[in-house]
Each structure stands twice: as C-alpha cells, then as structure tokens.
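No experiment lies behind these values; they were computed from the predicted model shown.
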Amino acid sequence: MDDKSLPQSIKQNVAEPVSFLDEEELCRRLDEFYNTSGLKPEIQPSQIFRGALYTMRRDFIKNNPDWMSQAAHSLREILYQFDRGNKKRSEALDQYGSTYDEKKRNQDVGRYYNIITDIAHHNFTEAAKNSLIGGSRQKPIIITYEIFERVVFQFGKILYAVLRRQLDAHKEIDKVLGQKLVSININDVGSLINLNPDARQYFFTKVDENWLNWLWENGLLNVIKQKTEDPTRYGYRTPELNYLVRMAEKRPKEVVDIILSVSISKDNFNPEIIDQFLKICNSLPANELTRIVSKIRDDKWVKLMSIFDHYSFDYEKIFQTLVTAKDYENILVLAEAVLTIKSKEELKRAYRGYSSDNPFYFSDISYTKVFEHLVAIDDQHLEKALELTTKVISEIVHLGDDAEGNVVFPIREMFYLFDVDFFSLKLGDEKYHSDCKNVKDLVATIKMLTQRLIGGNCGKPELVNWIYRKYIETLPESRLMWRLRLFVLSLCPAIFQAELKQSFSKLFEVIKDGKHYYEIESGTEYKKTLKQGFGALDSDYQRGYVSSIFDYFGKSREDKKEEQCYKRDGWQILSSICDSLTKKEKEDCKKFFGKKCDPTFEPEPSIGK
C-alpha cells in the first residue's frame with residue numbers, strides 16, 4: 001500500500017503501536033471533549049483510543065484472531081457514549097466549541113463510525129460493501145490489515161478536525177506557518193484557511209511575504225478574481241486583499257504582477273478589489289506604479305467606482321509619486337483615466353435621487369490635483385497635455401443637445417460659463433464646489449497650456465499654426481469654444497491676422513443673418529481680443545471694420561431701448577480699439593454713441609462673478 005495520507009509510522013511493518021502525526025493533540029482534544037460534555041468515565045477516551053491502536057500492533061495480532069473487531073469496538077466506544085445518553089453528539093460538539101461545519105460534521109463522522117461499528121459487531125460482510133474502502137454490493141472488498149489501518153487513520157483525522165476549536169485552529173496555523181514551504185501540503189493549508197472566517201482572517205494576518213508566490217500559484221488568493229454579489233456596496237472584509245496591501249511594501253513587484261493578472265471589468269466588478277488596489281498603488285515605488293497606470297485607464301477603474309465617490313485622494317497620491325519620479329508619460333495616462341467623461345445616458349440618470357450636470361465621475365475632481373499636474377507638465381509632453389484636455393472639453397461640449405431657434409452656434413452647451421473671463425481665468429478660481437467648477441478648472445488648464453505652447457512660441461509661426469489647426473480650430477462650434485478660440489488668437493496676433501479678421505467680421509455676418517450678435521461679442525473675450533490683436537491688422541481692414549461698427553450700431557431705430565443697447569455695445573467695441581482709431585473715427589464715436597471712446601475701458605463677463 002502506498003498512501004501518502006498515512007504517516008510513516010503506520011506504513012512501516014514494525015512491532016510498534018500505530019501512531020498519528022498529532023496523536024498527543026488528538027488525545028488531548030478527546031479528553032477535553034468529554035470534560036466539557038460533563039462525562040466522567042472510568043477510562044478517558046484518550047486511553048481507549050490508544051488501546052485501540054495498541055491492539056493493532058503487528059506482533060499482537062498474530063496471536064489474536066479477533067484483533068480487528070476489538071480495536072473497532074474501542075474506537076466505536078469513544079462516540080457511542082453520546083448515542084445512548086441524554087446529551088447527543090451534535091449538542092455536545094456545540095457545547096465543546098467545534099469549528100467544523102455543523103451541517104457536515106455528523107455526516108462526515110458518521111461515515112467512518114458506521115463502518116467501524118459493522119467491524120466491531122463482526123459484520124464483515126456489510127463492512128466489505130462500504131464505499132469508503134471502495135466496496136459495493138456487487139464487488140465487496142476483503143478488509144485487510146492495510147485497509148483497516150487506513151480507516152482508523154482517517155477516523156482519527158476526522159475526529160481531529162471535528163474536535164478543533166478556534167484556538168486550536170490558530171495553533172495549527174502557527175505550526176504550518178513555521179514549516180518550510182517545500183514540506184507544505186496545499187490541501188491542508190486550504191482546509192485551515194477555509195475553516196471559518198476567523199481562521200481565514202488569522203492566517204492572512206500572520207502569513208509573511210515568503211508565502212506570497214506560493215499562495216498565488218496554488219490558487220489560495222483567487223478570491224480577488226471573483227465578482228461580488230452586490231457591487232453597490234462593500235466593506236473591507238477580504239483578508240487576502242488586506243494581505244496584498246501589507247505585502248505591497250515588502251514585495252511590490254510580485255504584488256504588481258498579481259494585480260496585472262486580475263481581470264477587472266463590469267462583468268466581474270468587485271469594488272473592494274479596486275479600492276484596495278488603489279491603496280496598494282499609494283504605497284508602490286514609482287518603477288512598479290508605472291506598470292499599473294495603464295490598467296487603471298484601460299480597465300476603467302474611475303467609471304466602475306463612480307457611485308462611491310470617496311477615493312479622489314487616492315489618485316492625488318498616485319499623481320504625486322509619478323510627479324516625484326518625473327514620469328510625465330504616465331501622468332498623462334493617469335490624467336486620461338481621471339478625466340473620463342460620463343455619457344449622455346448617465347447624466348440623465350439621477351444619482352441618489354438627485355440630478356447632476358457634472359460630466360466627470362468625481363463630484364469634485366480637484367481633489368485629484370489632475371489639473372495642477374497637467375499645467376506643470378514638462379515641455380516635451382506639453383502638446384500631449386493639450387491634446388488630452390481639448391479632447392475632453394470637446395466631449396463635454398457634445399454632451400449638450402442640439403440648439404433650437406435662430407442661434408449662432410448649433411450646440412446648446414451644458415456649461416456656458418458666462419461668469420468666466422478667459423483673459424483673467426486662473427486654476428482654482430471657483431471657491432465653492434459646483435458642477436461647473438470642474439469644467440472651469442479644465443478650461444483654465446487649456447488656457448494655461450495654450451499660453452505655454454502657443455503664446456510662448458510666437459517666434460515659431462509654423463509650429464503655432466500647426467498647433468492651432470490641430471487642437472483649437474477643430475474644437476466644436478459652441479459659444480464657449482468660440483470664446484476660447486478668441487483668447488488663443490490673441491496670444492500671437494501677428495501670426496493669426498487672417499483668423500482674427502475672420503473672427504472680428506463674424507459679428508457682421510451674424511447681424512446680416514438676423515441672429516443674435518451678442519453670442520459673438522458679449523462677455524470679455526471678443527473685446528479683449530480686439531484690444532490685443534486689432535492693432536496688428538492692416539489699415540484697410542481697420543477702417544472697414546470701424547465703418548461697419550458705425551453702420552450697424554450707430555443708426556437710429558424705432559425701438560429706442562433697442563437702439564440704446566446697440567449704441568452701448570458699439571461704444572464698448574470702439575473703446576476696445578480706441579488706440580487704433582483715427583482722429584475722425586474718435587470724433588464720430590462721440591457723434592454716433594454720445595461719448596468719446598475710452599482706452600481704459602475694461603469689458604466684464606456677461607454674468608458677474
């Protein structure tokens with residue numbers, strides 16, 4: 001017989017009593033079981049058990065033909081006490097504090113107890129049919145010494161497991177963790193871990209980094225691959241994840257390898273896993289963190305975790321690690337993940353009973369510090385930062401519905417930002433949280449990036465034109481984007497003369513089409529761009545433009561209130577280019593609009609801040 005589950009002392013053909021690896025501990029548990037049950041036998045169950053093993057000595061059985069039934073009778077007697085008294089076996093095990101599955105223990109013990117009972121009663125014919133030893137009614141098995149020895153050994157093992165209390169489990173775990181990995185049986189470890197939640201928690205609290213690869217390779221951390229039953233809530237209840245968090249500082253490479261191998265998607269979403277993975281990311285060195293950043297983006301961690309919205313600070317810490325390492329490539333990858341935009345359908349769905357126009361999955365994305373890190377990007381990655389942010393603002397603009405009526409721009413934006421002046425806008429201007437605060441910060445970031453990339457390269461017309469054509473000119477046709485384009489054109493007036501002429505003249509095109517000209521000139525951007533760029537244009541265009549202002553804004557109207565509005569706007573426009581007016585044009589300004597142009601005039605946003 002070659003059964004690896006049997007200890008060597010049983011297998012060897014020696015004149016010694018059959019023994020168990022933990023015989024002393026089993027005997028201690030048997031006696032304690034009797035004591036907690038209130039039984040006071042003349043002979044302790046440990047003595048009965050050892051007597052049964054002694055009866056199985058090979059030198060003893062030579063002269064005792066009834067040895068097998070005698071040994072079986074002793075083993076049966078250990079539990080028979082609970083079958084004939086008032087205290088039943090199950091009740092006694094509950095009182096004892098058994099950690100064994102209550103639904104399985106009577107069945108598991110009973111299987112061995114039944115065959116031992118048959119042997120004790122000399123009912124070998126029935127015992128030979130028992131499936132435990134591979135027998136059946138059609139093919140009974142002769143019960144040899146080796147077969148009986150195995151039954152006894154397995155009976156001892158089940159008693160050992162059934163009589164395990166919680167502190168016993170802790171001691172067994174400590175003993176296992178003190179052994180060398182080469183001698184560890186995976187089934188034994190798995191049984192201990194899965195004994196109950198306390199044993200599982202204790203094991204993963206005590207196990208050290210030397211076990212990490214072994215546990216992963218043997219599937220004992222596979223719980224992190226499983227989908228949760230309820231993805232709308234979670235707690236920190238998975239010891240395996242807590243173990244990985246602990247190991248991240250000691251074995252970061254191995255932990256990252258594990259994270260990268262775990263599939264994360266809507267189909268197997270478990271919020272606790274992403275939460276703990278983010279916590280791990282916070283403690284990783286930069287060289288290991290960089291391996292995960294793309295996974296954060298590609299697996300859509302931000303979108304998956306959006307309903308919880310309490311983890312913004314985790315991303316800020318990740319950004320900081322990348323910034324310290326000057327890993328600008330991965331800063332952009334992480335920024336792309338953080339700046340993920342909701343769909344129109346998601347915006348229409350109420351969140352916790354409240355509707356929201358916030359296009360981002362974070363209620364306040366500023367906590368991630370994503371915009372601060374983008375505006376501080378190095379020169380080499382500056383264009384990629386502009387590419388990312390203009391892509392995001394375009395997606396946000398397209399979240400708006402189609403405009404209706406006789407309007408200039410075809411998209412009705414969710415955020416007009418009428419209180420914003422692009423020329424004075426700064427990152428973090430908005431002091432109080434609102435849905436539009438996040439968008440303001442994004443727009444401020446784009447402004448600052450264009451100041452560096454375009455405004456800082458006015459001596460390189462080819463580069464500036466290429467950047468403008470690729471990232472600014474292609475922005476959607478909306479009122480907010482119109483104002484952004486005007487600001488960008490003001491950065492290098494000498495290069496953008498053609499674009500400035502077209503933009504300034506759009507005012508008259510809109511009036512000719514009978515549309516609302518205030519969509520073009522209201523706010524600060526049109527007038528401030530005039531201040532910055534009008535002087536760079538040729539005199540013929542300037543004179544023609546000023547003449548058109550007098551024609552469209554200076555004429556009398558039947559509606560005097562409307563006339564007053566036109567003249568006010570005409571005066572503001574001419575005041576914005578006062579230094580470029582001729583003497584006669586300045587005189588005509590007073591003639592048509594009632595007062596001289598004022599070169600100190602400062603336009604204000606459409607809505608006060």
Discussion item. Under 4.0 Å between a side-chain nitrogen and a carboxylate oxygen: does that hold for K437 and D364?
Written reply: yes
* Carboxylate-amine/guanidinium contact K391 E395, below 4.0 Å -> yes
| message | Checking Q276 against N242: is there a side-chain donor and acceptor pair closer than 3.5 Å? | response | yes
Rounded to the nearest 0.5 angstrom, the OH-SG distance for Y416 and C436 is 14.0 Å
_Within-4.5 Å side-chain heavy-atom neighbours: D357 and L399_ = no
Worksheet entry | Side chain proximity check, Y234 to T228, heavy atoms < 4.5 angstrom | no
- Is R297 salt-bridged to E336, cutoff N-O under 4.0 Å? yes
So, D588 and K584, do they make that salt bridge, N to O below 4.0 Å? yes
Interatomic distance, CG@L463 vs CD1@I495, rounded to 0.5 Å, equals 8.5 Å
field: Under 3.5 Å donor-acceptor, K528 side chain and P603 backbone
entry: no
Rounded to the nearest 0.5 angstrom, the CZ-CD1 distance for R233 and I307 is 11.0 Å
Using 4.0 Å as the upper bound for N to carboxylate O, is an ion pair formed by K384 and E387?
no
Q. Taking NZ, NE, NH1 and NH2 as the nitrogens, is one of them in E563 or R557 under 4.0 Å from a carboxylate oxygen of the other?
A. no
* To do: Run the salt-bridge test on R485 and E477 with the 4.0 Å N-O cut-off and return the result as yes or no.
  => yes
**Flag if over 12 foreign heavy atoms under 6.0 Å of CD, E604** = no
- Using the six-membered ring wherever Trp is involved, compare the ring planes of F423 and F487 and label them parallel, tilted or perpendicular (cut-offs 30° and 60°). perpendicular
| said: What I want to find out is whether D419 reaches K440 closely enough, with some N-O distance under 4.0 Å, to be called a salt bridge. | reply: yes
Please check if the side chain of T238 supplies one atom and the backbone of E240 the other of a donor-acceptor pair under 3.5 Å.
no
Task: Atom CD of E562 with >12 non-hydrogen neighbours under 6.0 angstrom - done: yes
In short, S503 meets L489 closest at the heavy-atom pair OG-CD1, 3.4 Å
Partner of V464 under side-chain contact (heavy atoms from CB on, under 4.5 Å), picked from L453, V488, N457, L491, is N457
*asked:* For the CD atom on E209, are there more than 12 heavy atoms of other groups (residues, nucleotides or ligands in this structure) within a distance under 6.0 Å?
replied: yes
Result for side-chain contact (heavy atoms from CB on, under 4.5 Å) between E587 and one of K583, E585, K590 points to K583
So H381 and Y328, would you call those rings parallel, tilted or perpendicular, with 30° and 60° as cut-offs? tilted
(Q) Taking NZ in K344 as the centre, count heavy atoms belonging to other residues, nucleotides or ligands within less than 6.0 Å. Is the count above 12? (A) yes
Original post:
Would you find more than 12 non-hydrogen atoms of other residues, nucleotides or ligands less than 6.0 Å from E249 atom CD?
Top reply: no
Those residues at least two apart in sequence (or on a different chain) that pass side-chain hydrogen bond (donor to acceptor under 3.5 Å, both in side chains) with E383 are Y471
Heavy atoms of A385 and I377 approach each other most closely as CB-CG2, 4.1 Å
For F362 and Y367, run ring-ring contact (aromatic ring centres under 6.0 Å, His included): C-alpha distance rounded to whole Å, both residues' side-chain angles, the deciding distance at 0.1 Å, then the answer.
CA-CA 9 Å; F362 296 95; Y367 289 127; 9.7 Å; no
Margin query: Counting only heavy atoms from other residues, nucleotides and ligands, does the tally under 6.0 Å from NZ of K470 exceed 12?
Written below: yes
Inset, instruction - Could you tell me whether the side chain of K317 and the main chain of S283 form a donor-acceptor pair under 3.5 Å? - result: no
Separation between NZ (K227) and CD1 (I264), nearest 0.5 Å, reads 14.0 Å
d(L449 CG, L374 CG) to nearest 0.5 Å is 6.5 Å
Residues at least two apart in sequence or cross-chain that pass side-chain contact (heavy atoms from CB on, under 4.5 Å) with E345, listed by chain then number, are S343, R349
Electrostatic pair D298-K295, nearest N-O below 4.0 angstrom: no
With sequence neighbours left out, the residues meeting side-chain contact (heavy atoms from CB on, under 4.5 Å) with T324 are Q320
Here the gap from M247 atom CE to I258 atom CD1, rounded to the nearest 0.5 Å, amounts to 10.5 Å
Is any side-chain heavy atom of Y545 less than 4.5 Å from a side-chain heavy atom of L530?
yes
Minimal heavy-atom distance between L388 and A335, with the atoms involved, is CD2-CB, 3.8 Å
Partner of I280 under side-chain contact (heavy atoms from CB on, under 4.5 Å), picked from L289, L241, I259, I292, is I259
In terms of heavy-atom contacts, E288 and P252 come closest through CG-CB, 4.0 Å
_Could you tell me if the side chain of K266 sits less than 4.5 Å from the side chain of K300, heavy atoms only?_
no
By ring pair (Phe, Tyr, Trp, His ring centres under 6.0 Å), F553 pairs with (sequence neighbours left out) Y517, Y566
**Report entry** P271 vs F308 side-chain heavy atoms within contact, under 4.5 Å
**Finding:** yes
With S478 as partner, the option from H398, R412, E413 fulfilling side chain to side chain donor-acceptor pair (under 3.5 Å) is E413
Q.
Any heavy-atom pair between the side chains of L278 and W301 that's under 4.5 Å?
A. yes
Within the supplied structure, the quantity of interest is the number of heavy atoms (other residues, nucleotides, ligands) at a distance under 6.0 Å from K560 NZ; does it exceed 12?
yes
ask   = Taking the inter-plane angle between the rings of W482 and F409 on a 0 to 90° scale, is it parallel (under 30°), tilted (30 to 60°) or perpendicular (over 60°)?
value = tilted
Residues pairing under disulfide bond (SG atoms under 2.5 Å apart) where one sits in residues 474-523, two or more places apart or in two chains, turn out to be C458-C492
Ion pair K527/E521, N-O distance below 4.0 Å
yes
Check your understanding: Hey, is NZ on K279 packed in by over 12 heavy atoms from elsewhere, all under 6.0 Å?
Key -> no
As a quick check of understanding, evaluate salt bridge (charged side-chain N to carboxylate O under 4.0 Å, His left out) for K512 and E509, giving each step before the final call. CA-CA 5 Å; K512 285 181 180 179; E509 296 172 11; over 6 Å; no
| task | Carefully, step by step, assess K250 and D208 under the rule salt bridge (charged side-chain N to carboxylate O under 4.0 Å, His left out). | result | CA-CA 9 Å; K250 298 181 178 181; D208 65 20; over 6 Å; no
Any heavy-atom pair between the side chains of L386 and T450 that's under 4.5 Å? yes
*So do the side chains of D569 and Y518 get within less than 4.5 Å of each other, counting heavy atoms only?*
no
The side-chain contact (heavy atoms from CB on, under 4.5 Å) partners of K586 (sequence neighbours excluded) come to C578, L581, C597
